[in-house]
Q: 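Here's a structure for you.
Side chains are part of it too, since the values below use all heavy atoms of this structure and drop only hydrogens, waters and symmetry mates. Proteins come first, then strands; the chains are lettered A, B, ... in the order of their sequence lines, and each starts at number 1.
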Amino acid sequence: MSDAAFGDIDNRSNKELRELVHKNLAGRHRREAIFRTLGIAAIAAALGFVIILFGIMLSKGLPAFWQANVHTEVYFDPDVIKGGPKPVQEAGQSDADYQQKVLAWQRTVTLSNWNNLVEQSVRRLAPDLEVEKRDVLAIITSAARFDLRDMYVNDTSLLGKTIPVALLASADADNWVKGKLPRDLPDERQQLSKGSRDLADRLLTDGSMTFDFAMHIFTNVDSRSAPASAGLAGAFMGSLYMMLVVIVLAVPIGVASAVYLEEFAPKNRWTDLIEVNINNLAAVPSIVFGLLGAAVFINYFGLPRSAPLVGGLVLTLMTLPTIIIATRSSLRAVPPSLRQAALGLGASRTQTVFHHVLPLTFPGILTATIIGVAQALGETAPLLLIGMNAFIANIPSSPLESATALPVQIYLWQGNENRHFFEGRTSAAIIVLLALMIVLNAIAIFLRTRLEKRQ
Amino acid sequence: MKSALLKGAAIGLLATSLVAVSAQAEARDTIQIAGSSTVLPFASIVAEEFGNAFPEFSPPNVASGGSGTGKRLLCEGVGEDTIDIANSSSKMKQSELDACHTNGVMDVREVVFGYDGIVFATGINEGDFALTPEMIYKGIAAQVPVDGQMVDNPYTNWNQVDPSLPDQDIFVAIPGTNHGTREVFDIKVLEDGCKAAGLPEMDADAEKAACSTVRQDVVVEISGDYTETLARLQANPAAIGVFGLSFYEQNRDTLKVATINGITPTLATIASGEYPVSRPLQFYIKGEHIGLVPGIAEYVAFFLSDEMAGEGGTLEAAGLVPASADFLASQLDAFNAGTQYQP
């Protein structure tokens, strides 16, 4: 057929040919213009979506970092606080016995009516306003009573003193003063009673209620009974432990397998098979790794549910192919002349690899590691299957204790029934997670450029 | 330097595997709870307060996943890698208890701690719905009786089902089968509605299928939690969503609740039993783990205390319909006496 076409061209005159090319040329130019416009449009659309996403998230999430606080004074009333003086360890008393005494004392202190102190300290700001006790307590987070208790347990000399404190407003009160609920809704559709709303408005106008930066988002753990004081500390520690496990396991195993496969392994059917499988592993959906983790690590090895160690192991499996593939490609990029020179000077193959080839690949390995870790940091699906979506009210002190992770915390918060408050909180958590990702990627770029320059 | 790097990596590897091995030997000291997303808010609050009130125990971990999932996890066996308590918004079935027994979980105790109502709600700007189980059945069943014959559901608008209902397209978001809410919905709404609709004569199996099969075109089954149902309602405000009372109470500004048989769901009407679609909330405890995992008995007692599940307690403020003090006391006694659960 091509012969016929050429024959056809040969039979035409020069003029005809030139016309043909010219006609063709206009079409080619047009196609190029169309392609370029499409390319620009694609980039513009992608950027537009990113801007919309960030815009929505920042506009919803940033205000959540500032929460209403009531600044007042609290009187540690000796009539209210029970338990007496803190027990001291007597000579000859065993540690266990002393611990028992302290625990018993702490429990009595906890059972004191701390809500009375909270109520009194709010009432003194608006003594003329007639509101019920329930209405007063409704605008302060229910965790405030434990904050006061902790202040007292840490420093019993506070008894009988009046101390200035900032009490965190409850989630409902925060919603109200931030205007999340329409002000004209009838009483039966409001979350706060009329008395509470008036009190909150009064405190806001006389300046004792202010919006302060919510440090507790970073220092508190998740909370259900006092949503206003819910924070990310537990999820952050859980993510940190998981990332440590991933780095400690995935980097050495990944680099070692890449070096062996690329530099030492014979090229035969078996290594081909392994290579194909590693590439396939990189494409396995993460939820499958979660199922595997639940079946192998929890059911077979008996590791604890919800533990960051198990999460880390699952994410290691996910990160391994990324690191192996990236390390192999950076090993392949090292010029063979370097290996030949080293071998020619009498270095062994191991020496060649470890003294001359591997150091050149450090920037590549580092980038792969950080990108792999960043990916693992944002992974949610496999963690749901190994029980890391539980509500956990303490900060894990080891990788074996139950924990959640940052992306799982986002998932949990978006499911909370107090929508007005937790929409903001969810966006705030997303901002924290994205900030972490950006920092990780920035470190990767910084280290890579530094290492590349040094070489 | 490079060999130092390798050595460091090797040591790290060894350390992690050692940690992994020692984990098996270490006893678990945190109670593990999983199950119903309806019970989750209540159990989480109790867990948190439990940690505050009992400094010697660490606060229990409470996971979601649905009642069915919780009971399945509970019945996986005895040991540290299995959970201790399953939250459930539906009663454990004989088949589920049998699964427990086959896997060696012989000691299953039930504690009922309160009640929950299932409410039907629309977007706040939609029409007022005064529903009956019969209307809901006619709206969403796959086949309905028309002139004594079973035909494929012909209705597309609520006012075709009953002229008293608003002129609104039928679209209902109901909980998926992994939720305990679904079981109550099937029994208290579909079955009752089915009976009221007056099916033509047919054999028992066919009748059961006719009463429980919902149409797929206008009914969406939600397997996630209530926020997913709420999202459906925001996307399509004409939809009717099925929620727990406590979820509705927290979102009264965006949801409008429908009455059932003329009764508005409130704490009072559910506690008195007037509102027809309500169910007890409970959790199941694996007796084998009591004493093995510290704090289980204390957790149960704390859960049933006046301060938590009692009238005027913390959970009532969170939307639980409280049971009477006598009832809670009897539940605690039965638990402490080791009374076995019988379906």
Side-chain angles (χ1 to χ4, degrees), chain A residues 99 102-103 106-107 110-111 142 146 149 181-182 185 188-191 222-226 245 247-249 251-253 255-256 297-299 301-307 309 312-313 354-355 358-359 384 387-394 398-402 412 414-420, chain B residues 2-3 6 8-10 12-13 15-16 19-20 22-24 26 28 30 32-34 37 40-41 43-49 51-56 58-65 73 76 79-83 124 224-228 230 246-247 249-254 314 318-319:
Chain A
Q99 280 301 328
V102 172
L103 282 176
Q106 271 192 19
R107 189 164 319 151
T110 305
L111 288 177
S142 63
F146 296 120
R149 178 202 63 185
L181 274 82
L185 276 184
E188 69 270 15
R189 293 210 179 281
Q190 292 283 3
Q191 290 298 323
D222 192 13
S223 175
R224 275 271 184 177
S225 63
V245 174
I247 290 172
V248 165
L249 287 178
V251 176
I253 297 178
V255 172
F297 297 127
I298 295 181
N299 289 346
F301 285 112
L303 292 177
R305 272 180 76 79
S306 315
L309 177 70
L313 289 172
F354 284 98
H355 295 175
L358 204 54
L384 300 182
M388 290 195 76
N389 56 343
F391 170 81
I392 286 147
N394 55 348
S398 82
L400 286 166
E401 279 182 22
S402 304
L412 289 176
Q414 79 74 37
N416 193 291
E417 56 274 8
N418 192 336
R419 298 307 309 140
H420 292 295
Chain B
K2 292 117 213 166
S3 58
L6 276 175
L13 195 70
T16 322
V19 167
S22 65
Q24 284 173 281
E26 194 191 51
R28 178 151 64 79
T30 310
Q32 303 264 17
I33 304 170
S37 49
L40 176 82
S44 309
I45 289 171
V46 176
E48 210 176 326
E49 301 278 325
N52 277 317
F54 291 83
E56 64 266 44
S58 59
N61 299 335
V62 190
S64 180
L73 287 174
E76 264 176 2
E80 274 168 31
D81 51 337
T82 59
I83 63 167
I124 190 76
D225 39 29
Y226 293 132
T227 34
E228 205 183 318
L230 185 66
S246 59
F247 188 92
E249 291 269 325
Q250 296 265 332
N251 291 279
R252 270 176 305 187
D253 58 312
T254 45
T314 311

Q: Check whether S223(A) gets within reach of chain B through its side chain, its backbone, both or neither, counting any heavy atom under 4.5 Å.
A: both
Q: Between E249(B) and chain A, which part of the residue has a heavy atom less than 4.5 Å away: side chain, backbone, both or neither?
A: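 For E249(B), backbone heavy atoms alone lie under 4.5 Å from chain A.
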Q: Identify the heavy atoms of D81(B) and L303(A) that sit nearest to each other, and give their distance.
A: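 Where D81(B) meets L303(A) most closely, the heavy atoms are CB-O, 4.3 Å.
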Q: What's the separation between atom OG1 in T254(B) and atom CZ in R419(A), rounded to the nearest 0.5 Å?
A: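 One gets 9.5 Å once the value is rounded to the nearest 0.5 Å.
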Q: Would you name the heavy atoms of N52(B) and T110(A) that are closest together and state the gap between them?
A: O-CG2, 4.0 Å
Q: State, to 0.1 Å, how close D225(B) and G415(A) come at their nearest heavy-atom pair, and which atoms those are.
A: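 Heavy atoms of D225(B) and G415(A) come nearest at OD2-CA, 4.1 Å.
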Q: What residues, two or more places apart in sequence or in another chain, satisfy side chain to side chain donor-acceptor pair (under 3.5 Å) together with E56(B)?
A: R107(A)
Q: If I take atom CG from residue N394(A) and atom CD from residue E48(B), how far apart are they, to the nearest 0.5 angstrom?
A: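 CD of E48(B) is found 10.5 Å from CG of N394(A).
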Q: I need the residue from S64(B), P59(B), G224(B) with the largest number of non-hydrogen atom pairs under 4.5 Å to chain A.
A: P59(B)
Q: Does any backbone or side-chain atom of T30(B) lie under 4.5 Å from a heavy atom of chain A? Answer side chain, backbone, both or neither.
A: neither
Q: Which atoms form the tightest heavy-atom contact between T227(B) and N416(A), and what is the distance?
A: CG2-O, 3.7 Å
Q: Quick check for you: among A390(A), G312(A), A307(A), which has the greatest number of heavy-atom pairs under 4.5 Å with chain B?
A: A390(A)
Q: Hey, could you give me the CG/CZ distance between N61(B) and R305(A), rounded to the nearest 0.5 Å?
A: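 Output value for this atom pair is 10.0 Å.
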Q: Quick one: pull up CD in Q32(B) and CD1 in I392(A) and give me the separation to the nearest 0.5 Å.
A: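 One gets 7.5 Å once the value is rounded to the nearest 0.5 Å.
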Q: For chain A, find which of L230(B), I83(B), I124(B), V62(B) contributes the most heavy-atom pairs closer than 4.5 angstrom.
A: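 Top option by heavy-atom pairs under 4.5 Å: V62(B).
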Q: Mind ranking H420(A), E401(A), M388(A), Q99(A) by heavy-atom pairs under 4.5 Å with chain B and telling me who comes out on top?
A: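 The option with the most such pairs is H420(A).
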Q: Output all residues satisfying salt bridge (Lys or Arg N to Asp or Glu O under 4.0 Å) with R224(A), sequence neighbours left out; order by chain, then residue number.
A: E417(A)
Q: Report the option among Q191(A), E188(A), R149(A) that has the most heavy-atom pairs separated by less than 4.5 Å from atoms of chain B.
A: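 Result: the option with the highest number of such pairs is Q191(A).
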Q: Supply the atom-to-atom distance F391(A) CZ to I33(B) CD1, rounded to the nearest 0.5 angstrom.
A: 10.5 Å
Q: When rounded to the nearest 0.5 angstrom, what is the spacing between CZ in R252(B) and CD in Q190(A)?
A: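 Answer for the CZ-CD pair, R252(B) versus Q190(A), is 9.0 Å.
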Q: Which bit of S402(A) is near chain B, if near means a heavy-atom gap under 4.5 Å: side chain, backbone, both or neither?
A: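 Contact with chain B involves both backbone and side-chain atoms of S402(A).
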